[in-house]
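What follows is one structure encoded as structure tokens, with my remarks underneath.
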Protein chains: 2
Amino acid sequence: MRSPEELTIAFRRAGLKVTPQRQLLFRLLHDNSSHPTADSLHSAATTVMPGISLRTVYQTLTDLAEMGELQSIEVGSGSLRFDPNVSDHHHAVCDGCGDVHDVYVSKAPVLRGLDDFSVSDAHIVYRGQCGACSALVATK
Amino acid sequence: MRSPEELTIAFRRAGLKVTPQRQLLFRLLHDNSSHPTADSLHSAATTVMPGISLRTVYQTLTDLAEMGELQSIEVGSGSLRFDPNVSDHHHAVCDGCGDVHDVYVSKAPVLRGLDDFSVSDAHIVYRGQCGACSALVATK
DNA sequence: ACCTTATCTGCATCAATTGCTAATTAGCAA
DNA sequence: TTGCTAATTAGCAATTGATGCAGATAAGGT
Ligand SMILES: [Mn+2]
Ligand SMILES: [Mn+2]
Ligand SMILES: [Zn+2]
Ligand SMILES: [Zn+2]
């Protein structure tokens, strides 16, 4: 995702308005690698701007996704997560704390059983334990 | 997933009862490679046994999953899909018709960016077009 | 400063799933 | 067979995540 300044220009160019709510979300999302949910973003936004609506958070996230500034991913946590990192990567989910980490794979694996199917995209979700959670279990 | 006959024995052994509803679901799931949702299973069940409750379908699916007889997968279609194929495999989802196909991967890809994370499982979701949908587009 | 149009908020709605409970029934034992 | 008891069912309420809707508001070009 581009910087708040660049997004401001991009939004105006697209005929969209740049509101204080959107500027705040631009800032909260920029360089955010936590893969937040709409709800967690709303919580974070509320501490800075009390009264901001969850509906507006969803709306802005949808706009950003449509502009290709972020992607939404589904890792089985019940709710959608938003990712300003739009590079080609995958995700590792900790079964202990639920945190989502970025993962990069060297090359796409070879497939079997896919006659007559043209693949346009692949997404891998790894599950396991992060370092912190492994340490916790070890000391118990 | 094992056969309806074997499941009958397994359920009894586990202190669970084998009801007509459950037997029907055993049959509908056995060798079913369509990755059905709870709702689609309920529809199929209803044609044979009118009045069977969606709640009962969910309950039985949960029981079977807890016994390891089936797995539930999430491929971004909004609802959970159930898979009596519990072998180690992955899935290809057609963006045209939504159908889910089994995929087998030769070997796990090499990772980067995962220091300090112990992976216990990996699931790959491929997206693209199935043969039928590709053909449709071509003839249009 | 003004005007048009996009946006915001609050609330209703929706879809998938789970919680709850009275009535029913499977399956074991007498 | 019959009876007993715990498991199950069906139906409905509740929950969660997300989207639809509309009147009030405000961005930003003129
Ligand atoms: Mn990511
Ligand atoms: Mn499968
Ligand atoms: Zn963790
Ligand atoms: Zn298809």
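Per chain, numbering begins at 1; letters A, B, ... match sequence-line order.
- Base pairing analysis places C/dA30 opposite D/dT1; the two distances defining the Watson-Crick or G-U wobble pair are each below 3.5 Å.
- For the residue pair B/Asp39/B/Thr37, the side-chain donor-acceptor check at 3.5 Å is not satisfied.
- Minimum interatomic distance between A/Leu80 and A/Ile73 (heavy atoms only, all atoms of both residues): CD2-O, 3.6 Å.
- A donor-acceptor pair under 3.5 Å is absent between the side-chain atoms of B/His89 and the main chain of B/Asp102, judged by distance alone.
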Find every protein N or O atom lying less than 3.5 Å from an N or O atom of nucleotides 23-29 of chain C, and list the pairs.
residue, atom, partner, partner atom, Å
C/dA26, N3, B/Lys17, NZ, 2.8
C/dG27, OP1, B/Arg12, NE, 2.6
C/dG27, OP1, B/Arg12, NH2, 3.4
C/dG27, OP1, B/Val18, N, 2.8
C/dG27, OP2, B/Arg12, NH2, 3.1

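- For the residue pair B/Gln129 and B/Cys94, the shortest heavy atom distance occurs at CA-SG, 3.9 Å.
- Nucleotide C/dA15 holds its P atom 17 Å from the CG atom of A/Leu80, rounded to whole Å.
- As a whole-Å value, the separation of A/Arg13 CZ from D/dG28 P is 14 Å.
- For the pair A/Leu24 CG and C/dT7 P, the computed distance is 17 Å after rounding to whole Å.
- The nearest whole Å value for the distance from the CD atom in A/Gln21 to the P atom in C/dG10 is 11 Å.
- Rounded to whole angstrom, the span from the CD atom of A/Gln23 across to the P atom of C/dC8 amounts to 11 Å.
- A donor-acceptor pair is defined here as one N or O able to donate and one able to accept, closer than 3.5 Å; such a pair exists between the side chain of A/His35 and the backbone of A/Ser33.
- Side-chain atoms of B/Gln71 come within 3.5 Å of backbone N or O of B/Asn85 as a donor-acceptor pair.
- If you take CZ of A/Arg81 and P of D/dG17, they are 12 Å apart, rounded to a whole angstrom.
- Across all non-hydrogen atoms, the minimal contact from B/Arg2 to B/Leu7 is O-CD1, 3.5 Å.
- Proximity of residues 49-76 of chain B to DNA chain C (heavy atom under 4.0 angstrom from any strand atom) is restricted to B/Arg55, B/Tyr58.
- Judged by distance alone, with hydrogens and angles left aside, the side-chain atoms of B/His42 form a donor-acceptor pair with the main-chain N or O of B/Ile52 at under 3.5 Å.
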